[in-house]
Amino acid sequence: MTPSFDNVLVLGGGVAGMAAARTLGDRNITVHLVEAADQLGGHAASWACMATDVCRHCGACLARDMAHQTALHPKISIHLNTTLDTLEKIGQGFDIRLTSGETIPAARIILATGFSPFAPDPSLLPGLHFTEHDKVITTTQLNQMLKDETLTDFLGTATPPEIAFIQCVGSRNRRLERDFCSQVCCKISLRHTRKLLHILPDAAITLFHLDLQTIGKETRCLAADLSLMIEMAQGIPAEILEDQDTGRLRLVTEDPGTRSRIARSFDLVVLSVGMSPSPELEKMASRLGITPNHWGFFNTKDASLADGIYAAGCAAGPKDILGSKQEGCIAAAKVLEDMGHKPEKQTDVLVWGDGAQAVTIARTLAKKGHRTICFNRNIPDTKAASGQEITFTDPGKILSVDGVAGHFTIRHETDGTKKTVTCKTIIAAPEPEFTTPAGQGTFSKAIDIDAFSRIPVDQLSDTSVILLDYTGPEYKAASRLALTSAMAAQNTGRQVTVVMHKMLVHGALGQQLYDQARKAGVKFLRVNTPGDIQIQPTKTGFSVTLDEATLPGIPITLLCSTLAIGVSPLPGPDFENTAGLLKQRLDREGFLQSANIRHRLTQSPRRGIYFAGTCHDEVDDTDLAAELNDIMAGIDFTGPVRDFGVEVNQKKCVQCLTCLRICPHNAIVLNEKSRPEIVAEACFGCHLCVANCPALAIASEQFSTDQVAALAGKGQVAVLACQRSAALAAGPLDLPGHIRLISVPCACRINQNLVLKTLLNGADKVIVTGCHEENCQSMDGTATAAAEVDRLLAIPGITPDKVSWHSVAANETRTFARILSDAKIS
Amino acid sequence: MKTATRNTDTDLSRLLNRLTRGDNIDECLTCGICNSRCTWFDGPGGPIPRQIVRMAVLGLEDALVSSNMLWDCLVCNRCTQECPMGITMDLVVTRARGMAAADGQIPEDIKKGIKTRLELGDVNGLTKEEFVETVEWMSEEFSDEMEDPEALIPHDQAGCKFLYLPNPRELGINLMHLTAMAKLFYAMKETWTLSSHHTDVTNWGYFVGKDDVAKEMARMVVEPAEALGIETLVLSECGHGYHVLKCRVARLLGREPKFNVVSIPELCLSYAQKGILRFDPDVHPYEIAYHDPCNVARKSGGYDPPRQLLDMCCHGVKELVPNREDGVCCGGGGGILQDSTTTQKRMITGKPKADQMRATGLKHLATACLSCHRQLGELSTHFELGMKVDTVAALASESLVL
């Protein structure tokens, strides 16, 4: 008998597994989520919050939030402390037996077993003496101390402490057969460093790195800030010695100043360890009949999955939390598609952007069957393939974007004629500005790296120099282009030298590509700053003289016929206008989309509006393809609409339109009668409108002021906690009787009225808790709540003892417990 | 500003980049791991391994030669141990030393030693006649000592099982050592001989990175040994001599020699394991520390036999920390010991080793290389460690139960 194959088995309850399970569950598929540990969340859930005064965008708190949502999902059946026992392929599906003894049929299997941190085994890396010194720890151990708030005790009396981070422990190392970059360790160490400085402002921190992988908008900004606060030293020590007199740890490093090696002492050395596949994956592979690559992952072509089995998250290869979440959604969408699920309705998509990436995006969507309009001022001379509906339109001047997901109306003006376009989804992909000094001044005869990569090999000159990150921050697309084009030239007998500050080796094969390029004979020269390079045009080309970072005091001259210069993307001229029209924020560097991890990688706080490509983050072709799959998974397989029970009482409404103005999600529109109406499809349920309606005309079923203010009993401490952060942190705690935890949808639900009423109702004090700044799903909820508390404190008689504000992330249970234990009843 | 012009088409880069994976300096990742692994922990100066590789990669040969790093390097390969790309530093440094442009840097003592070794077969200039006279006199003494007319130190006897290749110090300043070795062969009850045609285990051609010299020195050992028809060539305790004759000889000569090669401690161990040699550990009733000679251990894989033999001759072996693959050079490697002008410098290069020695808290240390032995003894005196330094084979000879 063929079992009923409408189930999906997801192996691994980490971020990728949960994201996949929820995407499937939202489409009414029964999901069996199998997790070997005793709780959902995977490694991400065990990670400490990296927030300092603001959120540092690590995404770890999302794991708690997702675990909470996943557990509540009616279509997801969770099997904890369980793994796959046996598996039998039956027809198109599988008959599965779990270690718990349960048998379940499944049409498809998603493998999301995650990773395990690389163990700096002394037999592999004896010089680190990892097990011998207690002050030599891994990033995993540091994380645990940060989470438990035990670091200061562990450091003891060392003030101010000197701390070293050593990057690439167990990564980028061919000797260890680990010739891949683990993708996340540089980001982790940068965030750890920032967090340490927050806790220990006097700490002197040195980050020893190979090429600091500053990839991604949040990482680049953080690294730029930290470069002024810590020492970043290129070169990674592989030996940790102990000073026999002081017991301090010593690292021998090169001192460019004295041109010799020096021993430097530290109180703590943190080994930034890479990622290995989880032991669970190794066990599963044989049972599933699949073969990982020689690293143990599924991120290269030599790894093979079986029919009906999909890999997502770190099982597929090292990646960060947001990347894992994205991959979980994509895998689920692929499963749905392969199981014959079709998008419920055709979607009209507007792709907004003038560059080549926008064209790629539009074509990709059209190919998937979406009716696509592309606002593009450089209309490409192409026809859509048969069956594709794609229109390229020069929009002229875009005047306004109104409406909500499913009903956007865009007005634009071309040649004096006003036109209107409607669509269900908008993908913003305006063209950034690519800057290069090539072609100007001294560089009039230089070319940019894109042009260099397009030169046919038979026309290449004998000697070329590529200035990689000469003009701006490192940019991974340029790094990749430098590697591939230099290698191609070198392999046809040309000499290529790449001058760089650092090499970015992103992606599964980045490190191997870099290794191959060096082996092919491409020379790579390092400089500390562009100021270390002097360039002179010569009769036949250029003379480039530089202070090479690894050879201080020996200026090196390169003579070349061709000089190619990398390009850096800068915010495009349209970005500000686009952001304004879409009512979206720019990030710190001026790119589209804020760094808020609640919506990244591709979404905006306004449902139906997405970002893709270099307009919002450093994105190469592989990333862009993933982004589009993620977006399409979202628009094809949207979840059910949630009713938050918030409604405008039209009888009370005075049409002041405050709500329309302040809604962070643009979920309130004017209806045909010109009255404000909350659109459920666009609402995130934050209750900012409820808290701020001057006419008290917005009703909430569950969170009206009176309802909430009545929850705390007399003499109790009322803790108003955001559902997505502090309330989740409180989850594992056994709260004492005098604490009344009141879960609210967002910290912005509170206002002076609510807090005062709570106190009047007899609460002893009110503690307001919510996300860290820049982490709020509704963008400004944290700032709004904190400001309300400040205003309350200005009222005579209201003291900080009575009303206070605290940021607590979902994974800061320990912090939350400390705040509560400090709150004694007066 | 004087600048160096990058030149990839140099003799050195051609030589180095022609090599297979692991020796291709172009693959250097500039990770800097080598810098942290170099034995010169303390004090200014000393080589910076990454700079050596980078100068070689970029063809900056003049800068490399004038940096003094080539002859400061102890060629211990401690950096190589952790190199993610498997770049072998001894090869890089010796190749660079071997460039004609670097000839001026070769220490005078080494030049002189090579000259006499090539002319006379002995680095100290011992002539064939002097050798025969010394050995025959010692053979008589040995007979008397053993009270056995059959106990001899034979030379130039064809068809023996073993040919013993001594260290030049055994025929010069340390004759007692040769007698001690003779005692071991005597106890093995096997035929053995010395050869007046080649009296020297050393091969300074390796230090100067000149393949033609190294090859000629190896030939001077291999051909007469083959002519004698011996089964096994037994090497005196000499680190680089062992490394060259064990690991490099086939590459140098383009063929395998027609005999086996073992070191004297390895040979003793195998005869002890067969039950033929017996040792009394109470002759040395103390725990002893063991120093891994880089050439024997890290470069040739000879970690265990000296320890096992030592364990039979003393009351336990204590490890220096770190040791084995991770061991620290005595500070006299790479030819620095053979240069008589370096006495002061060797007390800097040897400081980490002296610290290790002191940390053992012991009074006795052994090693399996006569160069290390001399350096370690000098360190003990200089740093007032009060440690007696012996070689493993010498201790074995003392412990021998006849």
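Chain A is the first sequence line, chain B the second, and so forth, proteins listed ahead of strands; every chain is numbered from 1.
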Inset, instruction - Just do the side chain to side chain contact (heavy atoms under 4.5 Å, CB included) check on A:Arg518 and B:Asn24 with the steps written out, would you? - result: CA-CA 9 Å; A:Arg518 297 194 316 282; B:Asn24 183 351; over 6 Å; no
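- Counting only heavy atoms from C-beta outward, the side chains of A:Glu254 and B:Gln51 approach each other to under 4.5 Å.
- At a threshold of 4.5 Å between non-hydrogen side-chain atoms, the residues A:Leu525 and B:Leu58 count as touching.
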Inset, instruction - Any chance you could lay out the side chain to side chain contact (heavy atoms under 4.5 Å, CB included) test for B:Val53 and A:Thr550, step after step, and finish with the verdict? - result: CA-CA 10 Å; B:Val53 176; A:Thr550 63; over 6 Å; no
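- Note that the SG atom of B:Cys34 and the CZ atom of A:Arg261 stand 9.5 Å from one another [nearest 0.5 Å].
- If you tally non-hydrogen atom pairs under 4.5 Å between each of A:Ile236, A:Asp515, A:Asn173, A:Leu210 and chain B, the highest count goes to A:Ile236.
- Scanning both residues, A:Lys523 and B:Val57, for their nearest heavy atoms gives NZ-O, 2.8 Å.
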Please list every donor-acceptor pair under 3.5 Å in which a side-chain atom of residues 378-386 of chain B meets a protein atom from a residue at least two apart or in another chain.
residue  : atom : partner  : partner atom : Å
B:Glu378 : OE1  : B:Arg346 : NH1          : 3.0
B:Glu378 : OE1  : B:Arg346 : NH2          : 3.2
B:Glu378 : OE2  : B:Arg374 : NE           : 3.1
B:Ser380 : OG   : B:Met387 : N            : 2.9
B:Ser380 : OG   : B:Met387 : O            : 2.8
B:Thr381 : OG1  : B:Gly377 : O            : 3.0

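- Contacts between A:Phe524 and chain B at a heavy-atom distance below 4.5 Å involve the backbone alone (N, CA, C, O).
- B:Arg37 places no side-chain N or O within donor-acceptor distance of the main-chain N or O of A:Glu239, the cut-off being under 3.5 Å.
- In this structure, NZ on A:Lys519 lies 8.0 Å from CE on B:Met85, to the nearest 0.5 angstrom.
- Heavy atoms closer than 4.5 Å to chain A are found in the backbone of B:Cys83, but not in its side chain.
- Atom CZ of residue B:Arg54 and atom CD1 of residue A:Ile554 lie 11.0 Å apart, to the nearest 0.5 angstrom.
- Although no hydrogens or angles enter the test, the distance criterion places no donor-acceptor pair under 3.5 Å between the side chain of A:Arg175 and the main chain of B:Pro84.
- Taking A:Arg178, A:Glu548, A:Arg172 one by one and counting their heavy-atom pairs under 4.5 Å with chain B, the maximum is reached by A:Glu548.
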Legend entry - Steps toward side chain to side chain contact (heavy atoms under 4.5 Å, CB included) verdict (A:His129, B:Asp326): CA-CA 11 Å; A:His129 304 287; B:Asp326 222 14; 4.2 Å; yes
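- How far OG1 of A:Thr253 is from CD1 of B:Ile48: 10.0 Å, rounded to the nearest 0.5 Å.
- When A:Gln511, A:Arg174, A:Met503 are each tested for a side-chain contact (heavy atoms from CB on, under 4.5 Å) with B:Leu29, only one passes: A:Gln511.
- Contact annotation for A:Leu125: both backbone and side-chain heavy atoms come within less than 4.5 Å of a heavy atom of chain B.
- Between B:Ser36 and A:Ala238, the shortest heavy-atom contact is OG-N, 2.7 Å.
- Top candidate by heavy-atom pairs under 4.5 Å with chain A, chosen from B:Arg50, B:Arg324, B:Glu325, is B:Arg50.
- From A:Leu124, atom CG reaches atom CD of B:Glu82 across 9.5 Å, with rounding to the nearest 0.5 Å.
- No other option in A:Pro237, A:Cys168, A:Ala517 has as many heavy-atom pairs under 4.5 Å with chain B as A:Pro237.
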